[in-house]
Amino acid sequence: MISIIGIPLDENSSFLRGSAKAPPLILDAFRSDASNMYAENGFNCGDSGKVKNFGNLQLTAGKAAMDSIQKVVSKELNLNQKVVSLGGDHSITFPIIQAYSQSYPDLNILHIDAHPDLYDNFENNPYSHASPFARIMEKDLVNRLVQVGIRTLNDHQKEQVKRFGVEVIEMNNFDSSLLLQFDGPVYISIDIDALDPAFAPGISHLEPGGLSTRDVINIIYQLNGNVVGGDIVEYNPDRDINGMTALVGAKLLKELLGKILK
Ligand code: MN
Ligand code: MN
């Protein structure tokens, strides 16, 4: 069973707010009669015995919001539910992984993003959406962190990559036949800005030269490993055009559910 949890938190965004409005819009596109509920591998995402909509969390702010995200995810995992979360900005991944690492001590992360999100300190906000993977790595919560789609490495983040032993597949080295192999459980964190803005314009940080929707689907299905959860973050409805990015989020949600459950 999987719980889909909406996490409407965008206060840790450094540039633009808006992603807090994303979860219900992705779910509307997910259920829209314009398509059906099947993932490409044949999994029926409309199977209510396997996919449960948890709804949107009610959150306060600051550390209290982070703590409640961790608590809710832990509770679901303890009920033997897997979790797919809809952000919100990328700050939500840190408390989610704090919960996951307790249930899955050998956890690995596949992180798909234009940005490495490894800043040691960004504007003095430890929860900044520019820093979740620094927080995860300094607490030693996972075995391996593999990043794909990256095209914004600066000197500081290169040092962080070395410091934490992050495996980075930069966009300029990306090949769509990429086959990733993981021993042990894998969590997939998808920042929608990993996609080229031509495919997904509804984001806060437009970074041209990115992945296609098909590239991301291929990365998910060509991955060899036990996928136990994931998130889709950084969709910003204020910047979208004709709801096309909500639809990309819904498509990736279907394929992620299909990968986890079938
Ligand atoms: Mn990110
Ligand atoms: Mn990003």
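In this text, all values refer to a predicted model and were calculated from it rather than measured experimentally. Note that ligands are numbered from 1 as they come in the structure, with each ligand's atoms numbered from 1 the same way.
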> Stepwise, does the side-chain hydrogen bond (donor to acceptor under 3.5 Å, both in side chains) test hold for S91 with N12?
Replying inline: CA-CA 6 Å; S91 67; N12 296 303; 3.2 Å; yes
> Any ion pair linking K52 and E76 (charged N to carboxylate O, less than 4.0 Å)?
Replying inline: yes
>> Strictly below 4.0 Å, N to O, side chains only: are R17 and E234 in salt-bridge contact?
In response: no
> How wide is the angle at the Mn ion (ligand 2) between ND1 in H115 and OD1 in D113, to the nearest 10°?
Replying inline: 100°
>> Test of geometry: compute the angle ND1(H90)-the Mn ion (ligand 1)-OD2(D117) and round it to 10°.
In response: 90°
> In D191, what N, O or S atom is nearest to the Mn ion (ligand 1), if we give its atom name?
Replying inline: OD2
> Mind checking whether V51 and V84 have side chains closer than 4.5 Å, heavy atoms only?
Replying inline: no
> Do you see an N/O/S atom of E234, backbone or side chain, under 2.8 Å from the Mn ion (ligand 2)?
Replying inline: no
